[in-house]
J.: 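One structure, as structure tokens, below. Some questions next.
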Number of protein chains: 2
Amino acid sequence: MTQIHHIDDDLCRRYLATSVELVGKRWSSGILLAIGTGATRFSEITAAVTGLSDRLLAQRAKELEQAGLVHREVIATTPVQVRYTLTASGRDLLEAMQPLAHWGERWNRAH
Amino acid sequence: MTQIHHIDDDLCRRYLATSVELVGKRWSSGILLAIGTGATRFSEITAAVTGLSDRLLAQRAKELEQAGLVHREVIATTPVQVRYTLTASGRDLLEAMQPLAHWGERWNRAH
DNA sequence: CTGGATCCCTATCGATACTG
DNA sequence: CAGTATCGATAGGGATCCAG
């Protein structure tokens, strides 16, 4: 039998669900990527992520902020501005997803 | 501004969605992990993944098979046996998810 | 043992309209 | 600009029963 020894069984069983639940929800990864690659304003994020609506961004942003992945900074101008940035944890997560992107590329070639 | 240069923007924008859609659905990652770490039979997988129902496993298994991540082998005994194994692509995906598990561990510590 | 078929129910989503 | 409120539609999930 082909056993995978690159995989830490126990670690995955414990903690894989954690990140998958955070990042698996629709738009979440796209939002993280958008913020991580330069988008800071609410409207910039909706523009960067095609198909993402105001309502869903507001909802996801709240979730991601509460999870400590995104920092939300309100600038009291008129009209009000809001700056979204990744926290250290958010940046780490995005880096941890890089292998998935590579895998996706290979997978797309084969289909 | 803190730019992330560990991230290949373009690669992520193109292909991150691919893997996230496959692995983000409920139970999918758990099923992959279960098969990747020794479970081969239908009932072994439901036993390994707590909360997973027969119906959902049947459904996910079909999806994962069509995506080329899981190989399904029917053994014509009575009653019938079915062996599930990961394809090379499925093993690769599971390895690509390992950093997510590590991230999840760190994240859990901090909460 | 390995599912398929149903029923029902709720979470989630998209669209639209509105506000400080 | 950056959201909130409301609504109707639908996809997804749990439970249960059935079958090769």
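Just so it is clear, the values below take in all heavy atoms, side chains as well, and ignore hydrogens, waters and symmetry mates. Convention: sequence-line order gives letters A, B, ...; per-chain numbering from 1. Computed from a predicted model, the values in this text were never measured in an experiment.
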J.: Quick one: is dT4(D) close enough that its OP1 or OP2 comes under 4.0 Å of any side-chain N or O from Lys62(A)?
T.: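 Affirmative; the distance criterion is met.
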J.: If only side-chain N and O atoms of Arg72(B) are considered, is one of them under 4.0 Å from the OP1 or OP2 phosphate oxygen of dG3(C)?
T.: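 For dG3(C), OP1 or OP2 has a side-chain N or O of Arg72(B) closer than 4.0 Å.
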J.: Does a side-chain N or O of Gln59(B) approach OP1 or OP2 of dG3(C) to a distance below 4.0 Å, or not?
T.: no
J.: Measuring to OP1 and OP2 of dG13(D), would you say a side-chain N or O of Arg60(B) lies under 4.0 angstrom away?
T.: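 Yes, because at least one side-chain N or O of Arg60(B) sits under 4.0 Å from OP1 or OP2 of dG13(D).
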J.: OP1 or OP2 of dC1(C) less than 4.0 angstrom from a side-chain nitrogen or oxygen of Tyr84(B), does that happen here?
T.: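 Checking dC1(C) against Tyr84(B), no side-chain N or O comes under 4.0 Å of OP1 or OP2.
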J.: Using whole Å, report how far CD1 of Ile75(B) lies from C1' of dT2(C).
T.: 12 Å
J.: Considering only side-chain heavy atoms of Val80(B), which listed nucleotide, dG3(C), dC13(C), dG20(D), is closest?
T.: dG20(D)
J.: Taking for each residue the nucleotide of DNA chain D with the nearest heavy atom, is it Glu44(A) or Arg55(A) whose nucleotide lies nearer the 5' end?
T.: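 Taking each residue's closest nucleotide, the earlier one in sequence belongs to Glu44(A).
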J.: Measuring to OP1 and OP2 of dT2(C), would you say a side-chain N or O of Arg41(B) lies under 4.0 angstrom away?
T.: yes
J.: Charged N to carboxylate O under 4.0 angstrom, Glu63(A) versus Arg60(A)?
T.: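 Salt bridge flag = yes for Arg60(A) with Glu63(A).
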J.: Quickly work out the Asp54(A) CG to dT6(D) C1' distance and round it to whole Å.
T.: 15 Å
J.: When you measure from the side-chain N and O atoms of Ser43(A) to the phosphate of dA2(D), is any distance below 4.0 Å, counting only OP1 and OP2?
T.: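 Yes, because at least one side-chain N or O of Ser43(A) sits under 4.0 Å from OP1 or OP2 of dA2(D).
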J.: If only side-chain N and O atoms of Arg26(B) are considered, is one of them under 4.0 Å from the OP1 or OP2 phosphate oxygen of dG14(D)?
T.: yes
J.: Is the closest side-chain donor-acceptor distance between Thr37(B) and Asp9(A) under 3.5 Å?
T.: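 No, because no side-chain N or O of Thr37(B) sits under 3.5 Å from a partner of the opposite role on Asp9(A).
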